[in-house]
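Below you'll find the structure, written out as structure tokens, and then a few comments.
Worth saying up front: this structure is predicted, and the values here are computed from it rather than measured. Residues take their numbers from the sequence shown, with the count starting at 1.
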Amino acid sequence: MSSALQLLAVILAPRGIGQYIRQHFLDKTFQGLYHANGFDLALLIPYFIVLILLAGYGMHRYVLVYLYYKHKENRTTEPAQYFSELPRITVQLPIFNEQFVVERLLEAVSRLDYPLDKLDVQVLDDSTDETIAVARGLVNHYATGGFPVTYHHRTNRHGFKAGALAEGLESAKGEFVAIFDADFVPPEDFLRKTIHHFTDSKIGMVQTRWTHINRNYSFLTEVEAILLDGHFVLEHSGRARSKVFFNFNGTAGMWRRVAIEEAGGWQHDTLTEDTDLSYRAQLKGWKFIYLQDVECPAELPVEMTAFKTQQARWAKGLIQTARKILPQVLKSDAPFHVKAEAWYHLTANVSYPLMVMLSVLLLPAMIIRFYQGWFQMLYIDLPLFMASTFSISSFYLVSQRELFPKTWPRALIYLPFLMALGIGLTVTNTRAVIEALMGKKSAFARTPKYRVESRGDKVHAGNYRRGLGWVPWVEMLIGGYFALTVYYAIVNENYMTVPFLVLFVVGYWYTGLMSLLQGRWSGLSLSAETHAKPFPVGV
């Protein structure tokens, strides 16, 4: 190896690269000077354990891409049969303080192409603000026009969304239950495209793909859209096609009512009641279908604090579900590959505290590895970093190519920021994961939506904006720490690590600054009255 590097140094010497190779890979300055000690090992052992674990979760993304393509023939499109007589469907619309988007939701639901005598719509309202009057007025308007919709208001919020769904189910008339969150706009043919898949009596749930109303609103929403596309294209499709467990996403899907009941109903001991119910139902033997080609548009969070709230809720909820459900999965008769995929799925958010540990250990490890030699870093550390990070970029590139075969290269612009944003979420999500592991309960924190659909719209948050807390300041501090790490790498000519370290700086500073700035913006132009539209004349 040494002779090969010497030859390469001679060949590249005129370009200045040879000097770099000689200095870092052939220079014997530190040879024999460094001796391992207990302190260094105490840092390097957890450093490599963290890197290996992160690389394992990163490599799992490649597995999902492999499953997606290997089982492409299992893609579900058309139902095997069709109902000769359409069954009754209950449409549940759980809302909580959604004054800006509830009108859009009800307008879309009122246009669903399905016989009215086979339809039963429930507005399940746990609101504590002006939404109560808005929603009640809308329901009265549509009911007066002959649309089968009823209004249900709770004052205790017991069980949060899961509690509202369970209570609504007690008076539901349908054999099947479709669910739409307040920020969704189901297309007219949604029910007809999904219901016929239930002609197979083994099917308990049908999930459709989320699309994004305000994808082009801002740089943040573009990145959020790519993140969700990866989940709905590769994760859901890869799992569904390979016949392993996957989950209902809480909205834009339909359940067979008896599947909910046999699985134990909606339970509220986790923040991801949808995933919890999904696993319990599949353990009971119910089969799920994912329809990648059936789209249901929704509004993405337009504020960093709202996005972080959403991600933290999902992170905490999945770890809570892992604690509750994984022991049952591992003890079940499911095949090993199903259990392994469930493990990776439900524990994936453990990567966030691992990232925090890596953040703490990275600079000391770099200093120690400097004295051990760059050659070791090139062949040991760098491949582990690449397995942890580049698997993410390739994963999301594949999803964009599948969705947008002609324009997918445009996603290359967003990939570095997507990776940086994932890093920037580590503080918020680590806190959520630790709370879940410790068994700490918390209220269901809704993600505020403002009916912001195009670039010209602005946000009127009012009381919906959440407090900043200490997290943004910690993110800024960690970003500064990594800026010093970048400086150290440049001074010591460790240029290979600089691109990775810059991602940490950008990620922490971006999430921290955006949270601080958006929390203090006062020039907000859209009010609830500005969003309001006249009631439609006909139903």
Side-chain angles (χ1 to χ4, degrees), residues 90-96 122 124 126 157-169 172 176-184 186 190 194 203-210 227-228 231-232 235-237 239-240 244-284 286-291 294 296 298 309-326 328-329 341-342 345-349 432 436 441-447 449:
T90 292
V91 177
Q92 292 187 320
L93 310 176
I95 63 174
F96 173 64
Q122 297 179 329
L124 308 174
D126 282 2
R157 287 200 75 200
H158 175 69
F160 307 109
K161 180 181 175 181
L165 293 172
E167 192 167 314
L169 203 60
F176 300 93
V177 182
I179 301 171
F180 302 103
D181 282 350
D183 51 310
F184 279 72
F190 184 92
T194 53
I203 301 302
M205 190 278 296
V206 173
Q207 174 67 53
T208 65
R209 179 166 62 89
W210 297 5
L227 284 168
L228 284 172
H231 172 70
F232 279 95
E235 289 192 59
H236 263 355
S237 292
R239 291 179 179 129
V244 299
F245 292 170
F246 73 99
N247 63 291
F248 172 56
N249 290 104
T251 178
M254 188 183 297
W255 280 86
R256 188 186 297 272
R257 181 172 177 170
V258 67
I260 298 176
E261 294 169 346
E262 285 190 5
W266 293 105
Q267 298 175 9
H268 53 84
D269 51 349
T270 74
L271 292 178
T272 48
E273 70 291 325
D274 42 18
T275 303
D276 172 31
L277 177 60
S278 298
Y279 271 81
R280 285 187 279 115
Q282 288 169 108
L283 285 170
K284 288 288 186 179
W286 290 101
K287 305 300 181 185
F288 287 4
I289 286 179
Y290 176 59
L291 300 178
V294 179
C296 192
T309 298
Q310 180 190 68
Q311 295 298 309
R313 186 180 74 242
W314 290 349
K316 184 171 184 176
L318 280 178
I319 296 299
Q320 290 174 327
T321 304
R323 290 186 61 190
K324 174 182 178 179
I325 297 296
L326 264 183
Q328 300 176 40
V329 174
E341 182 56 39
H345 179 199
L346 296 178
T347 65
N349 289 293
K441 301 291 184 180
S442 58
F444 187 99
R446 62 178 287 276
T447 305
K449 303 291 173 57

When you compare the side chain of Lys449 with that of Asp181, does any pair of heavy atoms fall below 4.5 Å? no
I need the [X] [atom1] to [Y] [atom2] distance, nearest 0.5 Å.
| X | Y | atom1 | atom2 | result |
| --- | --- | --- | --- | --- |
| Thr208 | Phe248 | OG1 | CZ | 9.0 Å |
| Gln282 | Lys287 | CD | NZ | 8.5 Å |
| His236 | Asn249 | NE2 | CG | 3.5 Å |
| Asn349 | Gln311 | CG | CD | 8.5 Å |

Where do Lys161 and Asp274 land on the salt bridge (charged side-chain N to carboxylate O under 4.0 Å, His left out) test, with the steps shown first? CA-CA 10 Å; Lys161 180 181 175 181; Asp274 42 18; 5.4 Å; no
Test of ring centre spacing under 6.0 Å for Phe160 and His268: no
Test side chain to side chain donor-acceptor pair (under 3.5 Å) on Thr321 and Thr272 and set out the steps. CA-CA 7 Å; Thr321 304; Thr272 48; 2.9 Å; yes
Between [X] and [Y], what is the shortest heavy-atom contact and its length?
| X | Y | answer |
| --- | --- | --- |
| Leu277 | Ala263 | CD1-CB, 3.7 Å |
| Ser278 | Phe246 | CB-O, 4.0 Å |
| Trp266 | Ala166 | CD1-N, 3.9 Å |
| Ile319 | Leu346 | CD1-O, 3.8 Å |
| Ala432 | Ala312 | CB-O, 3.4 Å |
| Gln320 | Leu271 | OE1-N, 2.8 Å |

Donor + acceptor pair across side chains of Thr90, Arg257 (<3.5 Å): no
Under 3.5 Å, is there a donor-acceptor pair between the Lys324 and Thr270 side chains?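 There is no such pair between these side chains.
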For the backbone of Ala162 and the side chain of Glu167, can you confirm whether one donor and one acceptor N or O come within less than 3.5 Å of each other? no
